[in-house]
Asker: 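Once you've had a glance at the structure underneath, I'll fire off some questions.
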Amino acid sequence: MSLPRLEIDLEKIRLNTKELVALSALKGVSLTGVTKLFLGDPETAKAMLAGGIDSIGDSRIENIVRMREAGVHAAFTLLRTPPLSRVHEVVEHADISFNSEISVIEALSQAARDKGKIHKIVLMVDLGDLREGILPEDLARTVAQTNILSGVKL
């Protein structure tokens with residue numbers, strides 16, 4: 001029995017990315033290429049960058065580290081709230097992270113100050129499925145708490 005095999009056509013990734021970037025630009029929208037399906041494969045990320053995107057998103061910090069170490073030059077977004085135990089690593093390797101907990105944002109703020117950096121924050125708001133995100137009624141308070149922190153930018 002043979003094992004399943006995934007073949008990635010990097011030229012098709014590049015061309016499809018180029019087409020999506022062009023179509024999105026007509027509407028004033030910029031794109032982030034998401035590499036989580038490819039486990040942060042550096043060559044796939046480079047193909048998307050060659051197609052015209054300038055930012056990469058992944059849900060795992062280890063994938064972002066892998067791409068950085070392989071020489072992928074882009075703005076990187078961590079597409080999930082980081083665990084408290086990894087905030088220093090997140091600030092070191094990701095430019096932006098998605099967040100839904102003020103305790104994590106406070107820790108990111110401290111880690112960014114320790115490194116002399118500004119880490120960008122995107123707040124996730126729960127849309128009713130209660131999976132992840134700030135409840136709408138808590139959003140104004142979370143924004144106010146985030147805006148007073150140095151080292152992070154909402």
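Everything quoted here is computed from the prediction, not taken from an experiment. Just so you know, these numbers use all the heavy atoms, side chains as well, and skip hydrogens, waters and symmetry mates.
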Asker: Hey, quick one: are L37 and V72 part of the same hydrophobic cluster, counting side-chain heavy atoms closer than 4.5 Å, chains of contacts allowed?
Answerer: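 Yes, it is one cluster - the side chains of L37 and V72 are joined through contacts under 4.5 Å.
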Asker: Is E11 salt-bridged to R14, going by a charged N under 4.0 Å from an acidic O?
Answerer: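 Looking at E11 and R14, the cut-off is met.
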Asker: What are the two closest non-hydrogen atoms of S150 and R113, and how far apart are they?
Answerer: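 Heavy-atom minimum between the residues: OG-CD, 2.9 Å.
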Asker: First locate atom CZ of F38, then atom CD1 of I8, and finally report the distance between them rounded to the nearest 0.5 Å.
Answerer: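 The distance works out to 5.0 Å.
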Asker: Looking at every non-hydrogen atom in both residues, tell me the closest pair between A94 and I64 and how far apart they are.
Answerer: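 Residues A94 and I64, closest heavy atoms: CB-CD1, 4.4 Å.
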Asker: Quick check: does any side chain N or O of T142 sit under 3.5 Å from a backbone N or O of D138, one acting as donor and the other as acceptor?
Answerer: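 At least one qualifying donor-acceptor pair exists.
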Asker: Can you tell me how far the CD1 atom of I148 sits from the OG atom of S109, to the nearest 0.5 Å?
Answerer: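 It is 9.5 Å, given to the nearest 0.5 Å.
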Asker: Within the 4.5 Å heavy-atom criterion, are V87 and H119 side-chain neighbours or not?
Answerer: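 When only atoms from C-beta onward are counted, H119 and V87 do not touch, as no gap falls below 4.5 Å.
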Asker: Taking all atoms of both residues into account, what is the closest heavy-atom pair of H73 and G71, and its distance?
Answerer: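 So the minimum-distance heavy-atom pair works out to CD2-O, 3.1 Å.
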Asker: What's the separation between atom OG in S97 and atom CG in L79, rounded to the nearest 0.5 Å?
Answerer: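 Output value for this atom pair is 10.0 Å.
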Asker: Report yes if some heavy atom in the side chain of D41 is under 4.5 Å from a heavy atom in the side chain of T35; otherwise report no.
Answerer: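 Sidechains of T35 and D41: no contact.
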Asker: Between CG of D54 and OG of S30, what distance do you get to the nearest 0.5 Å?
Answerer: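 Going from the CG atom of D54 to the OG atom of S30 covers 6.5 Å.
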Asker: For residues A111 and V91, report the shortest heavy-atom separation together with the two atoms involved.
Answerer: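 That would be CB-CG2, 3.9 Å.
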Asker: Quick one, M67 and F76 - any side-chain contact, counting heavy atoms below 4.5 Å?
Answerer: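 Yes, their side chains come closer than 4.5 Å.
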Asker: Would you say V65 ends up clustered with L84 if hydrophobic residues are merged whenever their side chains have heavy atoms under 4.5 Å apart, either directly or through other cluster members?
Answerer: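 In one cluster with L84: V65, yes.
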Asker: Are V122 and I56 connected in the hydrophobic side-chain network, where two residues link if heavy atoms are under 4.5 Å apart?
Answerer: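 As far as the 4.5 Å side-chain criterion goes, I56 and V122 are not connected within one cluster.
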Asker: Please assess V143 against L154 for the test side chain to side chain contact (heavy atoms under 4.5 Å, CB included), listing each intermediate value before the final yes or no.
Answerer: CA-CA 8 Å; V143 167; L154 187 58; 3.7 Å; yes
Asker: Mind checking the CG-CZ spacing from N99 to R80? Nearest 0.5 Å is all I need.
Answerer: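 If I round to the nearest 0.5 Å, the distance is 12.0 Å.
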Asker: If every non-hydrogen atom of L108 is compared with every non-hydrogen atom of V152, which pair is closest and at what distance?
Answerer: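 Minimum heavy-atom contact is C-CG1, 4.0 Å.
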Asker: Heavy atoms, side chains only, cut-off 4.5 Å: are R66 and L39 in contact?
Answerer: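 Yes. Closest side-chain heavy atoms under 4.5 Å.
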Asker: Check whether any side-chain heavy atom of I61 sits under 4.5 Å from a side-chain heavy atom of H93, and report yes or no.
Answerer: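 They are in contact (side-chain heavy atoms under 4.5 Å apart), so the answer is yes.
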Asker: Quick one: does M124's side chain get under 4.5 Å of I134's, heavy atoms only?
Answerer: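 In short, these two side chains do not touch, never coming nearer than 4.5 Å.
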Asker: Decide salt bridge (Lys or Arg N to Asp or Glu O under 4.0 Å) for R86 and E62; before the verdict, give the C-alpha distance in whole Å, the side-chain angles of both, and the deciding distance to 0.1 Å.
Answerer: CA-CA 10 Å; R86 300 191 79 180; E62 48 272 35; 3.1 Å; yes
Asker: In terms of hydrophobic clustering (I, L, V, M, F, W, Y; side-chain heavy atoms under 4.5 Å; direct or indirect links), are I13 and L15 co-clustered?
Answerer: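 No, I13 does not connect to L15 through the hydrophobic network.
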Asker: What's the separation between atom CG in L10 and atom CE in M48, rounded to the nearest 0.5 Å?
Answerer: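 Rounded to the nearest 0.5 Å, the CG-CE separation comes out at 10.0 Å.
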Asker: Are the side chains of K153 and I121 in touch, meaning some heavy atoms are under 4.5 Å apart?
Answerer: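 Heavy-atom side-chain distance check fails, nothing below 4.5 Å.
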Asker: Linking I/L/V/M/F/W/Y whenever any side-chain heavy atoms sit under 4.5 Å apart, do V125 and I102 land together?
Answerer: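 Same hydrophobic cluster.
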Asker: Would you say the side chains of T32 and T77 form a donor-acceptor pair under 3.5 Å?
Answerer: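 No, no side-chain donor-acceptor contact under 3.5 Å.
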Asker: Taking the side chain as every heavy atom from C-beta outward, state whether S59 and L78 have any pair of such atoms under 4.5 Å apart.
Answerer: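 No; the side chains remain at least 4.5 Å from each other.
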Asker: Which pair of heavy atoms, one from S55 and one from A74, lies closest together, and at what distance?
Answerer: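 Minimum heavy-atom contact is CA-CB, 4.4 Å.
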Asker: State plainly whether the residues D58 and R68 are in salt-bridge range, i.e. N to O under 4.0 Å.
Answerer: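 Judged by the 4.0 Å cut-off on N to carboxylate O distance, D58 and R68 do not form a salt bridge.
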Asker: Can you tell me if K36 has over 12 outside heavy atoms packed within less than 6.0 Å of its NZ?
Answerer: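 Counting neighbours around NZ of K36, 12 or fewer heavy atoms of other residues, nucleotides or ligands fall under 6.0 Å, so no.
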